[in-house]
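Below: the structure, in structure tokens.
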Protein chains: 2
Amino acid sequence: MKRVTIHDVAKEAGVSVTTVSRVLNDRGYISTEMKEKVLKAIKELNYIPNEMARSFFSNQSKFIALIVPTTENPFFGELTFRIEKALAKFGYHLFICNSLNDPENEEKYLRLLNEKRVDGIIVGSHNVDISEYKNYENQIVSIERKLTENIPMIQSDDYNGGVLATRELISQGCSNILCVIGDKNVETPANDRSLGYISEMEKNNLKPRFIEIPFQIGYEEKYKIIKDTFQTKFNFDGVFAGDDVNAKLFMNVAKEMNYDIPEDIKIVGFDGTQTMRSLVPELSTVVQPIEQLANEAVKILLDLLQGKKVKKESTLPVELYLSRTTNRIKN
Amino acid sequence: MKRVTIHDVAKEAGVSVTTVSRVLNDRGYISTEMKEKVLKAIKELNYIPNEMARSFFSNQSKFIALIVPTTENPFFGELTFRIEKALAKFGYHLFICNSLNDPENEEKYLRLLNEKRVDGIIVGSHNVDISEYKNYENQIVSIERKLTENIPMIQSDDYNGGVLATRELISQGCSNILCVIGDKNVETPANDRSLGYISEMEKNNLKPRFIEIPFQIGYEEKYKIIKDTFQTKFNFDGVFAGDDVNAKLFMNVAKEMNYDIPEDIKIVGFDGTQTMRSLVPELSTVVQPIEQLANEAVKILLDLLQGKKVKKESTLPVELYLSRTTNRIKN
DNA sequence: TTTCATATGTCAACCGGATGACATAAATTT
DNA sequence: AAATTTATGTCATCCGGTTGACATATGAAA
């Protein structure tokens with residue numbers, strides 16, 4: 001059976017296609033009488049406009065792509081969820097790209113922009129090569145990632161998060177505090193977390209110490225690095241873990257090696273997703289305002305697409321959630 | 001600046017648009033010489049075909065929508081990831097829909113099909129009303145969800161998973177085993193898990209006992225139901241938790257109330273995502289073949305779209321992963 | 001009476017590529 | 001020499017809407 005088009009509707013209602021289009025798009029002059037006639041025909045024929053044709057003509061797909069390393073990760077799973085919700089409010093749809101931090105992959109996704117398949121992109125990936133991005137500055141925003149001078153960035157107050165986490169560990173009596181950082185070569189705002197850490201350590205005359213766990217490697221490898229850290233250089237009594245996944249892995253390894261948390265080691269994570277908060281409620285962590293990050297990113301991107309002037313940088317406040325891994329009793 | 005079109009390329013190369021189109025689509029007769037000339041012009045002008053125009057003409061968007069309750073949940077986060085990967089291999093893109101199990105929401109997404117915005121849909125949602133689906137039987141597959149007679153379903157061997165989990169608990173000495181089920185009103189293959197449980201219990205002359213935890217409610221509410229279960233009717237020594245999230249919540253509440261796992265209570269989960277396996281390695285669980293589920297769903301859907309005959313039901317094997325919550329030492 | 005906002009319709013052009021029909025050659029086969 | 005295959009081009013049409021231009025009525029306001 002053939003698809004019902006606007007022409008069929010026009011014929012059924014005994015009017016011109018222009019009139020139907022006018023009704024559909026609420027344009028020009030239309031009497032209520034005429035409107036009803038058209039709407040009745042639409043209902044009768046069960047007509048549904050072909051959005052692809054509309055998109056083609058208007059040169060707007062109403063699609064936004066989100067590039068994340070992987071939705072497997074709770075933070076990005078939740079971010080994806082929030083962004084999809086936020087976009088839906090404006091009639092946009094979300095199109096998901098798991099980059100796996102593969103530059104080639106990411107480049108492929110950028111091409112979608114040129115192909116006119118998406119109107120804009122939200123980048124939440126941790127990739128290295130950014131020269132490509134320069135060509136798309138007016139249709140991209142990034143979350144927690146500095147791309148180019150002109151691409152708007154929405155981030156949490158990572159620096160303050162680092163300060164809060166470190167202060168908490170110190171106030172609970174830690175003096176040998178390890179800070180987990182991601183890939184040193186990648187300049188992400190997440191690195192500000194360690195700057196906050198450093199500042200707070202130095203303020204207390206403590207020596208900052210780091211361990212590198214690249215974000216993009218698998219759980220197994222992360223586990224190994226952490227295990228190795230325990231085995232070869234254990235002499236820390238506090239860990240600022242960079243994110244909740246690392247924090248939990250630290251907790252697991254500690255338990256495995258019969259260290260008591262929080263007695264021997266205290267831990268603070270970062271992210272504070274619903275999932276982690278509910279499944280690992282004993283973990284003290286710095287809570288990112290994921291929902292606000294999503295809303296803000298969407299708002300700024302849509303403004304950008306409309307040619308409006310937008311803020312180049314938005315920093316949203318974080319909150320410290322205290323629990324048993326830093327000796328705060330919960331329940 | 002104006003967009004480079006196929007006409008510009010034709011002019012630049014000194015050929016007709018038809019020739020350019022022939023080169024692009026590898027159709028008709030083309031000499032290598034001519035081909036090179038065209039390709040050179042394409043490169044020089046940095047021409048990128050407008051995919052929206054192509055889609056419009058060919059009536060194929062190359063988009064597939066995935067409807068899930070929420071990507072927040074580790075299982076669906078991982079499923080999303082796998083499906084996106086699988087689709088990418090065939091040049092399809094994934095478009096994400098978080099239904100939140102809201103029927104209205106789900107209906108809205110189905111409309112996308114009619115609007116020609118997506119070519120097909122993979123349903124992984126737990127919704128109730130399914131009458132709508134009848135209109136789309138040749139462009140939908142479902143994962144772990146019986147929709148209509150004709151919509152192909154891909155599922156794990158849930159029944160066997162229930163058997164394996166229950167058998168494990170019994171073999172570890174449990175006799176009062178609680179089984180968590182989702183919404184009783186929703187008929188999902190996940191319910192087969194409890195059938196496997198029942199069968200194995202009866203085989204051992206044990207009395208099946210259930211507790212209902214709807215899938216779609218929040219973590220907090222689930223926590224409350226579980227806490228309530230412990231407080232009002234504690235006399236179980238084993239839990240088949242239905243999924244890993246519930247399993248972990250049971251573990252948390254048990255700890256909170258000073259029950260020892262696995263001494264006092266043994267627990268088996270369901271799903272076995274990478275994330276849960278890595279973050280909660282002590283949890284014994286039934287591992288779903290998520291990657292295969294994704295691959296199979298994609299394969300069947302694409303076959304369906306091509307009008308091929310496809311299997312109406314595919315059942316993939318599960319595996320039992322044994323760990324400390326059922327007294328199996330790990331590490 | 002003249003102007004004007006309102007109401008309706010027709011027609012053609014356009015968005016960017018895909019494609020079938022048809023014409024014309026040159027190169028190969030038969 | 002005739003038939004066939006290969007190579008290239010032009011032209012018009014289509015996909016399904018949107019839109020601007022323009023014509024023609026009203027009834028109301030100036």
Side-chain angles (χ1 to χ4, degrees), chain A residues 1-42 45-63 91 111-119, chain B residues 1-42 45-62 111-119:
Chain A
M1 68 216 147
K2 228 172 150 315
R3 194 187 161 72
V4 180
T5 75
I6 197 171
H7 296 276
D8 303 321
V9 175
K11 198 178 289 172
E12 172 79 16
V15 300
S16 71
V17 284
T18 305
T19 306
V20 178
S21 179
R22 275 180 190 147
V23 171
L24 284 172
N25 298 287
D26 216 9
R27 223 171 38 89
Y29 297 114
I30 289 285
S31 63
T32 48
E33 202 185 342
M34 186 59 56
K35 204 176 213 164
E36 266 165 38
K37 211 160 67 175
V38 171
L39 290 176
K40 192 172 150 241
I42 286 177
L45 296 177
N46 197 20
Y47 166 71
I48 294 174
N50 182 328
E51 285 300 323
M52 213 145 65
R54 280 175 116 142
S55 290
F56 171 50
F57 180 85
S58 67
N59 208 18
Q60 275 191 39
S61 63
K62 292 285 180 180
F63 279 119
R111 220 176 309 144
L112 292 169
L113 265 182
N114 264 336
E115 290 172 348
K116 291 286 171 191
R117 306 195 71 154
V118 301
D119 296 341
Chain B
M1 66 214 148
K2 228 172 153 313
R3 192 186 163 72
V4 179
T5 74
I6 197 171
H7 297 276
D8 303 321
V9 175
K11 199 177 289 172
E12 171 80 15
V15 300
S16 71
V17 284
T18 307
T19 307
V20 177
S21 180
R22 275 180 191 145
V23 171
L24 285 172
N25 298 288
D26 215 11
R27 221 170 41 89
Y29 298 112
I30 289 286
S31 63
T32 48
E33 203 184 342
M34 186 59 57
K35 205 177 213 165
E36 267 165 36
K37 212 161 65 175
V38 171
L39 291 175
K40 192 171 149 244
I42 286 176
L45 296 177
N46 196 21
Y47 166 71
I48 293 173
N50 181 329
E51 285 301 324
M52 213 143 68
R54 280 173 114 137
S55 290
F56 172 49
F57 181 84
S58 67
N59 208 18
Q60 273 191 39
S61 63
K62 291 286 180 180
R111 220 176 310 145
L112 291 169
L113 265 181
N114 264 335
E115 291 172 348
K116 291 285 170 191
R117 306 194 72 152
V118 301
D119 297 341

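Proteins come first, then strands; the chains are lettered A, B, ... in the order of their sequence lines, and each starts at number 1.
- Regarding contacts with the backbone of C:dG16, every side-chain N or O of B:Thr5 stays at 4.0 angstrom or more from both OP1 and OP2.
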CA sep, side-chain torsions, deciding dist, call: B:Thr19, B:Ser16, side-chain hydrogen bond (donor to acceptor under 3.5 Å, both in side chains): CA-CA 5 Å; B:Thr19 307; B:Ser16 71; 3.0 Å; yes

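- Using a 4.5 Å cut-off on side-chain heavy atoms (C-beta onward), A:Arg22 and A:Arg27 make contact.
- Among all heavy-atom pairs drawn from B:Val9 and B:Val38, the shortest one is CG1-O, 4.3 Å.
- In this structure, B:Asn59 atom CG and D:dG16 atom P are separated by 7 Å, rounded to whole Å.
- Residue A:Ile6 contributes atom CD1, which lies 13 Å from atom P of C:dG9 at whole-angstrom precision.
- Test B:Lys37, B:Lys35, B:Met34 against B:Val23 for side-chain contact (heavy atoms from CB on, under 4.5 Å) and you get one pass: B:Lys35.
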For side chain to side chain contact (heavy atoms under 4.5 Å, CB included), just list the numbers for B:Glu115 and B:Leu112, CA-CA rounded to whole Å, side-chain angles, deciding distance to a tenth of an Å, and then say yes or no. CA-CA 5 Å; B:Glu115 291 172 348; B:Leu112 291 169; 3.7 Å; yes

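- Between the NZ atom of B:Lys37 and the P atom of D:dT8 there is a distance of 8 Å, given to the nearest Å.
- At a non-hydrogen distance threshold of 4.0 Å, B:Thr18, B:Ser21, B:Asn25, B:Arg27 from residues 17-28 of chain B come into contact with DNA chain C.
- Among the atoms of the strands shown, only primed sugar atoms or phosphate atoms (P, OP1, OP2) are found under 4.0 Å from some heavy atom of A:Met34.
- Nearest approach of B:Met52 to A:Ser55, heavy atoms of both residues: CE-O, 3.0 Å.
- Residue A:Lys116 contributes atom NZ, which lies 11 Å from atom P of C:dG17 at whole-angstrom precision.
- Residues A:Arg54 and A:Asn25 have side chains in contact (heavy-atom distance under 4.5 Å, counting atoms from C-beta outward).
- Summarising the geometry, the separation between CG on B:Asp8 and P on C:dG16 is reported as 9 Å, rounded to the nearest angstrom.
- The distance from atom OH of A:Tyr29 to atom P of D:dA23 is 18 Å, rounded to the nearest whole Å.
- Across all non-hydrogen atoms, the minimal contact from A:Asp119 to A:Lys62 is OD2-N, 2.7 Å.
- C:dC15 has its base stacked against the ring of A:Phe56, the centroids being under 5.5 angstrom apart at an interplanar angle below 30°.
- The side chain of A:Ser16 lies closest to C:dT10, out of D:dG9, C:dG17, C:dT10.
- B:Glu51 places its CD atom 9 Å from the P atom of C:dA18, with the value rounded to the nearest Å.
- When each of A:Ile48 and B:Lys35 is assigned the nucleotide of DNA chain D with its nearest heavy atom, B:Lys35 is the one assigned upstream, toward the 5' end.
- Out of D:dC14, D:dT10, C:dC15, the shortest distance to the side chain of B:Phe57 is found at D:dC14.
- In this structure, CD1 of B:Ile42 is placed 16 Å from P of C:dG16, rounded to the nearest angstrom.
- At its two ends the helix from C:dT1-D:dA30 to C:dT30-D:dA1 runs along axes set 40° apart, each axis drawn from five pairs and the angle rounded to 10°.
- Here the side chains of A:Ile6 and A:Leu24 are in contact, with some heavy-atom distance below 4.5 Å.
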